Amino acid sequence: MEAQIKQLKEWIDQSDNIVFFGGAGVSTESGIPDFRSVDGLYNQQYKYPPETILSRTFFDANPEEFYRFYRNKMLALDAAPNAAHLKLAEWEKAGKLRAIVTQNIDGLHQKAGSKEVLELHGSVLRNYCMRCRRPYDARDIAAGKGVPKCACGGMIKPDVVLYEESLDSYTMNKSVEYIRRADILIIGGTSLAVYPAAGLINYYGGTKLVLINKTPTPADRRADLVIHGPIGEIFSQL
């Protein structure tokens, strides 16, 4: 691993056009559980499977059950950025990193100081009334009981992309442009199993594709550099 980290450090030192594409593994070191690991949410027992609860159909039909799960498992408002978040913010400030494309909805990249963050799946920090579009703070949602309602009587929905919902086309298109133009594309903390987000890797045509993940991914064989390990631990060495 030492040789790979040295190689990555050399590439980073020489570049001012890095794009980072990250998944749940970037936030697990901040205490936020992922979905597909052994201890992830998908391997725990609930009245309904998490995939069902986090679908638009379920949200519309069973909002009270949705919010019981959502408050308990999806809100980690006091979580702090880890070494990976902080290093990425440092690179952006130094003019090396152009953008972060993330599948995470926790807002930790912004909390670390990153500015250009493209949130493919939205954010728990943004909530809005489905009737009048009035915005609501995540802490208000976390502190409430039952289904949160707006002053106008409309139901409040988190600005997160649920199963059966489409990703925002503007965010996707902007992500594609950044990835297409990148000198270095670093993919970290993702199994590359969730589409259409995982398909973004196909827009990179450069020669410095870096994959950092605890376990192998389907794209390892395509990468120019592969490092297996916890991303925060690896980034703290860069």
Side-chain angles (χ1 to χ4, degrees), residues 21-79 101-111 117-150 152-169 171-172 189-200 213-215 217:
F21 173 49
V26 178
S27 293
T28 51
E29 289 168 70
S30 292
I32 296 176
D34 70 355
F35 281 74
R36 288 177 173 77
S37 70
V38 174
D39 300 315
L41 292 179
Y42 282 0
N43 291 302
Q44 298 178 24
Q45 297 300 312
Y46 297 98
K47 188 176 178 182
Y48 301 93
E51 301 99 318
T52 300
I53 297 172
L54 297 174
S55 69
R56 182 57 190 259
T57 299
F58 191 93
F59 174 82
D60 290 337
N62 303 279
E64 192 150 330
E65 187 70 19
F66 171 89
Y67 270 107
R68 188 157 38 240
F69 176 87
Y70 181 79
R71 287 189 179 100
N72 188 34
K73 293 296 179 185
M74 304 302 290
L75 292 177
L77 302 181
D78 295 321
V101 179
T102 181
Q103 298 175 79
N104 296 334
I105 58 175
D106 49 50
L108 287 178
H109 285 296
Q110 291 92 329
K111 196 181 275 192
V117 182
L118 299 166
E119 297 171 309
L120 296 174
H121 297 151
S123 173
V124 298
L125 302 184
R126 297 186 299 270
N127 303 271
Y128 62 91
C129 171
M130 296 171 69
R131 182 185 292 175
C132 72
R133 307 300 292 183
R134 178 178 171 181
Y136 282 85
D137 188 85
R139 293 199 179 273
D140 293 336
I141 306 300
K145 302 283 186 186
V147 180
K149 294 288 180 70
C150 176
C152 79
M155 187 163 71
I156 297 167
K157 180 184 182 293
D159 188 17
V160 298
V161 179
L162 302 175
Y163 288 103
E164 303 166 349
E165 293 184 324
S166 300
L167 271 61
D168 178 71
S169 59
T171 304
M172 278 292 283
T190 174
S191 59
L192 291 172
V194 178
Y195 284 83
L200 288 171
N213 200 45
K214 280 185 177 180
T215 56
T217 78

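By convention here, the first residue in the shown sequence is residue 1. Values in this document were obtained by computation on a predicted structure and should not be read as measured data.
Taking Asp60 as the reference, Arg56 meet the salt bridge (charged side-chain N to carboxylate O under 4.0 Å, His left out) condition, with sequence neighbours excluded. Residues satisfying the side-chain contact (heavy atoms from CB on, under 4.5 Å) criterion with Asp106, sequence neighbours excluded, are Ser27, Ile32, Asn104, Leu108. Considering only residues two or more places apart in sequence or on other chains, Thr52 meets the side chain to side chain donor-acceptor pair (under 3.5 Å) condition with none of them. The side-chain contact (heavy atoms from CB on, under 4.5 Å) test applied to Asp140 returns Asp137, not counting sequence neighbours. Partners of Glu29 by salt bridge (charged side-chain N to carboxylate O under 4.0 Å, His left out), not counting sequence neighbours: none found. Under the side-chain contact (heavy atoms from CB on, under 4.5 Å) criterion, Thr171 pairs with Leu118, Leu120, Asp168, Ser175, not counting sequence neighbours. Scanning for side chain to side chain donor-acceptor pair (under 3.5 Å) contacts around Thr28 gives an empty result, with sequence neighbours left out. Arg126 is linked by a salt bridge (charged side-chain N to carboxylate O under 4.0 Å, His left out) to Glu119, Asp159, counting only residues two or more places apart in sequence or in another chain. Residues forming a side-chain contact (heavy atoms from CB on, under 4.5 Å) with Pro148 (at least two apart in sequence, or on another chain): Tyr67, Arg71, Ile141, Ile156. Considering only residues two or more places apart in sequence or on other chains, Ser123 meets the side chain to side chain donor-acceptor pair (under 3.5 Å) condition with none of them.
Here the closest non-hydrogen pair linking Ala142 and Leu77 is CB-CD1, 4.0 Å. Heavy atoms only, all atoms of each residue included: Pro63 and Ala61 are closest at CD-C, 3.5 Å. Summarising the geometry of Glu51 relative to Tyr163, their closest heavy-atom pair is O-CD1, 3.5 Å, with the distance given to 0.1 Å.
Under the 4.5 Å side-chain criterion, counting only non-hydrogen atoms from C-beta, Phe66 is in contact with Pro158. For the pair Cys152/Arg134, no side-chain contact is recorded, criterion being any heavy-atom separation below 4.5 Å from C-beta on. Considering only heavy atoms from C-beta on, Met74 comes within 4.5 Å of Ile105 through its side chain. When side chains are defined from C-beta on, Lys157 counts as touching Leu162, because their heavy atoms get closer than 4.5 Å. Using a 4.5 Å heavy-atom threshold, the side chains of Val117 and Thr102 count as touching. Looking at heavy atoms from C-beta onward, Val160 lies out of side-chain contact with His121 at the 4.5 angstrom threshold.
Summarising the geometry, atom CZ belonging to Phe59 is positioned 5.0 Å from atom CE belonging to Met130; distances are rounded to the nearest 0.5 Å. Between atom SG of residue Cys150 and atom CE of residue Met155 there is a gap of 12.0 Å, rounded to the nearest 0.5 Å.
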Under the side-chain contact (heavy atoms from CB on, under 4.5 Å) rule, what do Gln110 and Leu125 come out as? Steps first, then yes or no, please. CA-CA 11 Å; Gln110 291 92 329; Leu125 302 184; over 6 Å; no

Phe69 and Asn62: CA distance, side-chain angles, deciding distance, side-chain contact (heavy atoms from CB on, under 4.5 Å) verdict: CA-CA 11 Å; Phe69 176 87; Asn62 303 279; over 6 Å; no

side-chain contact (heavy atoms from CB on, under 4.5 Å) between Gln103 and Val26: does it pass, once the steps are laid out? CA-CA 10 Å; Gln103 298 175 79; Val26 178; over 6 Å; no

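Around the NZ atom of Lys214, the shell of radius 6.0 Å holds no more than 12 heavy atoms that belong to other residues, nucleotides or ligands.
In this structure a side-chain-to-backbone donor-acceptor pair under 3.5 Å is present from Glu164 to Thr57.
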